[in-house]
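Step one of this worksheet: look at the structure below.
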There are 2 protein chains.
Amino acid sequence: MARLLRPKHLPEPTLHRLPIYQRIAGEWAKRGERQIDSTNLGDLAGASSTTVRRDLSYLGPLGTRGSGYDPNTLFQKISEVLGSQLHYDVVMVGMGNLGRALVNSTSFLVHGARIAGIYDIDPEVIGTKVGDHEVQSVDGGLEQAAVGVICVPPEQAQGVAEKLVASKVSAILNFAPQVLTVPLGTVVRYVDFSIELQIVMYHLTNGTGPLGGGILHTLGITPPVALRST
Amino acid sequence: MARLLRPKHLPEPTLHRLPIYQRIAGEWAKRGERQIDSTNLGDLAGASSTTVRRDLSYLGPLGTRGSGYDPNTLFQKISEVLGSQLHYDVVMVGMGNLGRALVNSTSFLVHGARIAGIYDIDPEVIGTKVGDHEVQSVDGGLEQAAVGVICVPPEQAQGVAEKLVASKVSAILNFAPQVLTVPLGTVVRYVDFSIELQIVMYHLTNGTGPLGGGILHTLGITPPVALRST
DNA sequence: GGATGTGAAGTAGTTCACAGCC
DNA sequence: GGCTGTGAACTACTTCACATCC
């Protein structure tokens, strides 16, 4: 009983780190490793080993005392918790460079997300193929989906947001540098590259230690030449 | 004296919000508004008015009691604090869709950052122009710069990171979904779209309120049709 | 022995509530 | 009257330290 009395929603910082742990676990599993401990994970993810253990403890007990965590189990469990076993349809509006980069990315479409449609307004682009998908006109109405992704120029972002809301998406991932106004109840998440750049520049100017932040940053521990990814 | 005894480094969460306030201030200034108050800012940025005031108070007193903040002053002051008055050279490696999207973006290159060079390994791409810049071969050595941006496929990311380290960048912004190993002292910041998508999906599954997080999200307060950006 | 998982302590960030100023 | 700026209270997150189990 008390077992199940974990807080029902994960702390936001934990939520940001879980996908990182998952990626590391995936890399280790692929490399054939059978165990990874909280210190390894922490070094690679830029978190302390204690933080790693605390984060993972929210998912239930899944390590083995004395040895560590099994990368496969870890990967699997994080998938479950993040809801990747369900599937969500995603519509993407704006097939410029960024839109194409996202559709073609090996990693953007995590397990659980499925592209239901990709859209643009440019007649030159409509009808062309990006990956497996044909670009549709945004005027023809949007496919029903849970998540909408906006990658249009900032001037058009609000208009697209309104179309997405009208077609009843529940969440919007906005890559345009533009603040959106949407009805209460629609989740909007901003992804903003320039913010990241600004934060880096602030840390450079101030020599501030880069530890502790929203998106993770790793301080590697071995010289660069010593390790090489395969 | 006590005036100057503010904590010397801004809290990370504040650091993430400042660029958002700045963007909003910019939009209001352009629209000719002469005042914006902490409630307006908070609604648009997805933060409480108290948080806005606390954040801005770190920059020194810059509001007017009774009315609010002047958008221009606000914009200016945030620029200063984020170090945008200094200028940093940036090299970018990988001119696929993502790299091109970043170079062409109106907003990625915030005031203070300057592209010192853009690179690729693909002979097809080397020599072509992206925006105002000609793509150089990555084998010819990199221009000296403070910040390196990685937008290559994950398999190549570690190799590029090592090149960047060798050419003495102080900070790396990594868009590849790949954990990097670098010498201690090099700042690495990860930007990872799939993490954002996963977090959105988690919130959808769990109906968790989206408030409070690293990257901001706005819950608009007016119906979508009421406002339109120009 | 060695690493997990977790109460308890500590720290950082947010929110309350209101004095101070326009 | 209205809104800023900030001590004081609170809440959330992290870190310590250690009992627990393989």
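Labels below follow one simple rule: chain letters A, B, ... track the order of the sequence lines, proteins then strands, and each chain is numbered from 1. Basis for what follows: all heavy atoms, side chains included, without hydrogens, waters or symmetry-related copies.
- No contact: B/Leu41 has no heavy atom under 4.0 Å from any strand.
- Residue contacts shown for B/Ser38 are limited to sugar-phosphate atoms, with no base heavy atom under 4.0 Å away.
- A straight line from CG of B/Asp55 to P of D/dT4 spans 13 Å, rounded to a whole angstrom.
- Taking the six-membered ring for Trp and the full ring otherwise, A/Phe193 and B/Phe175 have centroids separated by under 6.0 Å.
- Across all strands shown, A/Thr50 has heavy atoms under 4.0 Å from base atoms, whether or not it also approaches the sugar-phosphate.
- Protein atom CG of A/Leu18 is 13 Å distant from nucleotide atom P of D/dC13, rounded to whole Å.
- Atom pair A/Ile36:CD1 and C/dG2:C1' shows a separation of 16 Å (rounding to whole Å applied).
- For the pair A/Arg17 CZ and D/dA12 P, the computed distance is 16 Å after rounding to whole Å.
- Atom OH of B/Tyr21 and atom P of D/dT4 are 12 Å apart (whole Å).
- Taking the side chain of A/Ser48 as heavy atoms from C-beta on, and the options D/dT15, D/dG5, D/dC3, the nearest nucleotide is D/dT15.
- The residue among A/Arg54 and A/Gly66 whose nearest nucleotide of DNA chain C is located toward the 5' end is A/Gly66.
- As rounded to whole Å, 13 Å separates atom P of D/dA17 from atom CZ of A/Arg53.
- Between A/Glu27 and A/Lys30, no side-chain nitrogen of the basic residue sits less than 4.0 Å from a carboxylate oxygen of the acidic one, so the salt-bridge criterion is not met.
- Between the base of C/dG1 and the side chain of A/Arg65 there is no donor-acceptor pair shorter than 3.5 Å.
- One side chain, A/Ser79 or A/Gln22, offers a donor N or O that lies under 3.5 Å from an acceptor on the other.
- With rounding to whole Å, A/Leu15 atom CG is found 15 Å from D/dA12 atom C1'.
- For B/Glu12 and A/His203, the side-chain atoms include at least one donor-acceptor pair closer than 3.5 Å.
- The OH atom of B/Tyr58 sits 11 Å away from the P atom of D/dG7 (whole-angstrom rounding).
- When distances run from any side-chain atom of B/Asp37 to the nucleotides C/dG5, D/dC3, C/dG13, the shortest one goes to D/dC3.
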